[in-house]
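Below you'll find the structure, written out as structure tokens, and then a few comments.
Keep in mind that the numbers below use all heavy atoms, side chains included, and drop hydrogens, waters and symmetry copies. On a predicted model such as this, the values are computed, not experimentally measured, just so you know.
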Amino acid sequence: MSKGSPISPSLMATKSAGAPKAPERADRTADTAVVVADLAAVSPVLGPNNVVPPTAMSGSQAIVRSLEELGVDDIFGLPGGAILPTYDPLMASSMNHVLVRHEQGAGHAAQGYAMVTGRVGVCIATSGPGATNLVTAIMDAHMDSVPMVAITGQVSSGVIGTDAFQEADIVGITMPITKHSFLVTDPNDIPHVMAEAFHLASTGRPGPVLVDVAKDAQVGQMTFSWPPRIDLPGYRPVTRGHNKQVREAAKLIAAAKKPVLYVGGGVVKAHASAELRELAEAMNAPVVTTLMAKGAFPDSHPQHMGMPGMHGTVSAVTALQQSDLLITLGARFDDRVTGVLKTFAPLAKVIHADIDPAEISKNRTADVPIVGSVKEIIPELTDAVKAQFAAVGTPELDHWWAFLNNLKDSYPLGWTEPEDGLTAPQRVIERIGALTGPEGIYVAGVGQHQMWAAQFIKYERPHAWLNSGGAGTMGYAVPAAMGAKVGEPDRVVWAIDGDGCFQMTNQELATCAINKIPIKVAVINNSSLGMVRQWQTLFYEGRYSNTDLNTGHDTIRIPDFVKLADAYGCASFRCERDEDIDATIQKALEINDRPVVIDFVVSPNSMVWPMVPAGVSNDQIQVARNLTPEWEEED
């Protein structure tokens with residue numbers, strides 16, 4: 001199914017995917033396997049598929065009952081007039097409703113919840129501005145393929161289209177940024193629409209689905225029964241790759257001298273990390289993991305080259321550029337990875353496996369396209385590769401590995417100490433990761449701190465790294481961390497945020513404090529919109545137009561983040577010296593009865609390196625300002 005378009009039967013294939021089962025709350029902290037979709041499920045309706053005989057109730061009661069039958073445990077929302085009928089029966093439900101302070105926070109919290117649990121995240125809001133406040137989070141979920149259902153109230157059906165109070169055409173607004181948007185005006189449609197929404201959100205390429213329910217449909221009477229019949233003509237996402245294509249891919253792999261596994265976020269969404277590792281080790285090929293795929297392959301694995309793209313490692317960027325074969329799994333050749341597209345990996349053939357046929361050959365033509373779930377394709381490809389190696393011999397990759405390992409050794413990630421004597425932000429983030437460990441969850445905002453968190457924290461498992469990759473949404477970190485902590489209450493959850501991003505959604509600290517959601521927030525406070533400032537330094541001759549925020553060292557500190565956090569009922573600290581970093585982080589790790597906010601005052605002059613400037617080839621990657629690596633192309 002094409003992103004941003006209504007469901008198109010012409011793009012759908014013939015094999016139906018089953019539905020994942022929702023794990024019990026106690027299962028959330030177990031291995032990732034417990035949240036893997038049960039593709040063998042008989043019913044496409046999520047949840048335990050309890051049989052509920054016909055029962056008279058209101059539409060609002062049907063919404064709540066449908067959510068319960070779908071296996072939903074947690075909801076993030078904010079009531080208002082048009083959704084108020086549904087909030088009344090919600091009081092009697094066993095589901096946990098988290099009352100947010102802004103609807104955008106509800107959407108990002110639902111994303112964070114979905115990202116760490118593998119379940120559908122749920123958010124709820126009223127009509128008009130309540131619904132439009134969800135739009136940024138819905139778009140963010142769409143860009144990053146996050147399974148989410150957004151439920152909104154709508155004015156009564158009789159006044160739709162009259163510009164009634166708090167009326168907005170949220171179905172029309174969200175149509176380009178959802179897998180599907182439903183408008184419900186008949187209460188009898190609620191059970192099957194809810195079931196269809198969850199089915200759409202969680203199968204195929206995951207994504208957000210909107211259910212907009214008119215107020216009269218909520219208050220109207222209906223007859224509820226469960227499970228409903230799902231009727232989505234044409235929606236049958238392919239999960240298994242075509243055998244012939246898999247065999248052709250294996251032939252290319254056996255013939256390649258410089259193969260690279262280019263791994264995207266689709267591998268994480270498909271819960272296919274174990275399968276990826278088996279394929280990589282069978283091939284003995286280098287692996288690069290995109291920003292959305294951090295943790296899909298262990299950072300510590302010797303075959304891992306790092307993250308590719310604008311701020312990727314030299315070894316990862318160069319491996320792609322000089323490869324003769326890209327085995328692309330759940331990735332989409334986006335511009336932040338490819339740089340100037342026509343110069344990207346110019347000598348490479350492409351195997352492209354993706355569940356979304358619209359992504360294949362969209363940006364880069366695939367020599368061997370494989371439509372399906374990488375959860376199923378990767379094991380089939382592994383078997384085919386092993387058979388091909390047995391038939392024709394294992395490729396000799398020693399020269400390729402010598403070249404790449406030399407790059408890894410020559411150009412490791414690092415940083416230069418700031419000349420102003422202030423703390424290097426990279427050091428703060430590296431120490432957070434080192435002291436918390438790989439079992440923690442790390443959620444980043446957008447900008448420099450996001451890139452440093454991707455670079456300097458070591459990710460050894462999937463679902464440990466959350467960020468707004470496609471949309472680049474400032475304000476994502478705090479509410480997404482909140483949702484992640486609700487979904488994984490036994491893990492340490494850090495929101496690593498910038499002082500600019502933090503000021504967009506920090507009101508959710510109140511939500512965390514009141515609901516006892518003890519996230520930890522590291523504000524990387526360089527007193528500026530850091531990434532914008534970096535571009536102004538490099539490309540605008542240091543003309544810092546409207547990027548100073550006055551929150552850091554030697555400023556008026558408006559706001560004072562320590563006082564702000566204290567006002568929200570959080571533990572709060574400020575760290576301004578290198579020698580205090582570890583002790584401050586350790587204090588935060590020891591506090592688990594309320595949120596913690598640390599104001600890390602850092603240098604505004606630190607920059608993210610390596611960097612491929614926008615509009616140039618990845619061959620022009622710089623490891624520092626005006627400093628390009630020296631290498632000879634691999635023959």
Original post:
How long is the gap from CD on Glu460 to CD on Glu439, to the nearest 0.5 Å?
Top reply: 10.0 Å
Original post:
Does Met115 reach the side chain of Val146, with side-chain heavy atoms less than 4.5 Å apart?
Top reply: yes
**OP:** Before giving the answer on side chain to side chain contact (heavy atoms under 4.5 Å, CB included), spell out for Val116 and Arg491 the whole-Å C-alpha distance, their side-chain angles and the decisive distance to 0.1 Å.
**Re:** CA-CA 10 Å; Val116 300; Arg491 292 191 188 274; over 6 Å; no
**OP:** State whether the side chain of Asp144 and the backbone N or O of Gly470 hold a donor-acceptor pair below 3.5 Å, judged by distance alone.
**Re:** yes
Original post:
With no hydrogens and no angle check, is any side-chain donor or acceptor of Thr126 less than 3.5 Å from a backbone partner on Gly153?
Top reply: no
Original post:
Within a strict 4.5 Å, meaning less than it, do heavy atoms of the Pro462 and His271 side chains meet?
Top reply: no
Original post:
If you round to the nearest 0.5 Å, how far is CD1 of Ile378 from CZ of Arg277?
Top reply: 14.0 Å
Subject >> Ser94 side chain to Glu68 side chain, donor-acceptor N/O pair below 3.5 angstrom >> reply: no
Original post:
Can you find a heavy atom in the side chain of Leu70 that is under 4.5 Å from one in the side chain of Trp226?
Top reply: yes
**OP:** Locate the shortest heavy-atom distance separating Met482 from Ala109; write the atom from each residue and the value.
**Re:** CE-CB, 3.8 Å
Original post:
Between atom NE2 of His142 and atom OG1 of Thr178, what is the distance when rounded to the nearest 0.5 Å?
Top reply: 7.5 Å
Original post:
For Ser361 and Ala366, which heavy atoms make the closest approach, and how far apart are they?
Top reply: OG-N, 2.9 Å
**OP:** Kindly indicate, with the supporting measurements, whether the criterion side chain to side chain contact (heavy atoms under 4.5 Å, CB included) is fulfilled by Val486 and Asn515.
**Re:** CA-CA 10 Å; Val486 172; Asn515 291 276; over 6 Å; no
Subject >> Side-chain donor/acceptor of Tyr87 to backbone N/O of Leu78, under 3.5 Å >> reply: yes
Subject >> His180 and Tyr235 aromatic centres sub-6.0 Å >> reply: no
**OP:** Could you please spell out the steps behind the side chain to side chain contact (heavy atoms under 4.5 Å, CB included) verdict for Thr382 and Glu275?
**Re:** CA-CA 8 Å; Thr382 302; Glu275 292 83 355; over 6 Å; no
Original post:
Within the side chain of Glu103, is there an N or O that forms a donor-acceptor pair under 3.5 Å with the backbone of Ala131?
Top reply: no
**OP:** Determine whether the side chains of Glu376 and Ser373 contain a donor N or O and an acceptor N or O closer than 3.5 Å.
**Re:** no
Original post:
Which word best sums up how the rings of Tyr459 and Tyr442 line up, parallel for under 30°, tilted for 30 to 60°, or perpendicular for over 60°?
Top reply: perpendicular
Subject >> Whether Thr55 side chain and Pro53 backbone form a donor-acceptor pair below 3.5 Å >> reply: yes
Subject >> Flag side-chain contact, heavy atom, 4.5 Å: Phe198 against Val211 >> reply: no
Original post:
Do Val72 and Val149 come close enough that some side-chain heavy atom pair is under 4.5 Å?
Top reply: no
Subject >> From CD1 (Ile230) to OG (Ser43), nearest 0.5 Å >> reply: 6.5 Å
Original post:
Is it true that the side chains of Asp140 and Tyr476 contain a donor and an acceptor less than 3.5 Å apart?
Top reply: no
Subject >> Minimum heavy-atom distance Gln61-Ser58, with the two atoms named >> reply: OE1-N, 2.8 Å
**OP:** Would you mind checking if Lys294 and Asp299 are paired as a salt bridge, meaning a charged N to carboxylate O distance below 4.0 Å?
**Re:** yes
Original post:
Got Val52 and Glu69 here, is their nearest side-chain heavy-atom distance under 4.5 Å?
Top reply: yes
Subject >> Flag side-chain contact, heavy atom, 4.5 Å: Ser66 against Ile190 >> reply: yes
**OP:** Decide yes or no on side chain to side chain contact (heavy atoms under 4.5 Å, CB included) for Asn133 and His102, but give the supporting numbers first.
**Re:** CA-CA 8 Å; Asn133 279 345; His102 191 287; 3.6 Å; yes
**OP:** Grab the two heavy atoms, one from Tyr262 and one from Asp334, that are nearest each other, plus how far apart they are.
**Re:** OH-N, 4.2 Å
Subject >> Heavy-atom pair of closest approach, residues Ile514 and Arg101 >> reply: CD1-NH2, 2.9 Å
Subject >> All salt bridge (charged side-chain N to carboxylate O under 4.0 Å, His left out) counterparts of Glu380, not counting sequence neighbours >> reply: Arg240
**OP:** Say whether, by atom type as modelled, one donor and one acceptor occur between the side chain of Asn49 and the main chain of Val45 under 3.5 angstrom.
**Re:** yes
Original post:
If you round to the nearest 0.5 Å, how far is OG1 of Thr152 from CD1 of Ile170?
Top reply: 6.0 Å
Original post:
Can you name the closest pair of heavy atoms from Ser93 and Val64 and give their distance?
Top reply: CB-CG1, 3.8 Å
Original post:
If you measure from the Lys or Arg side-chain nitrogens to the Asp or Glu carboxylate oxygens, is any gap between Asp73 and Arg119 under 4.0 Å?
Top reply: yes
Original post:
Going by atom types only, do Gln111 and His108 share a side-chain donor-acceptor pair under 3.5 Å?
Top reply: yes
Original post:
Side chains of Gln218 and Thr86: is there a donor and an acceptor less than 3.5 Å apart?
Top reply: yes
**OP:** Using distance alone, with no hydrogens and no angle criterion, decide if Thr473 and Thr136 have a side-chain donor and acceptor under 3.5 Å apart.
**Re:** no
Original post:
Taking the six-membered ring for Trp, are Phe297 and His304 parallel (under 30°), tilted (30 to 60°) or perpendicular (over 60°)?
Top reply: tilted
Original post:
Is there a donor-acceptor pair closer than 3.5 Å between any side-chain N or O of Lys485 and the backbone N or O of Val493?
Top reply: no
**OP:** Let me know which of Asp497, Ile496, Leu291 forms a side-chain contact (heavy atoms from CB on, under 4.5 Å) with Gln450.
**Re:** Leu291
Original post:
When rounded to the nearest 0.5 angstrom, what is the spacing between NZ in Lys215 and OG in Ser127?
Top reply: 8.5 Å
Original post:
Side chains of Val478 and Cys501: does their closest heavy-atom pair fall under 4.5 Å?
Top reply: no
Original post:
For the side chain to side chain donor-acceptor pair (under 3.5 Å) test, which of Arg332, Arg205, His352 pairs with Glu359?
Top reply: Arg205
Original post:
Does the Asp216 side chain pair with the main chain of Ser157, one donor and one acceptor, at a distance under 3.5 Å?
Top reply: yes
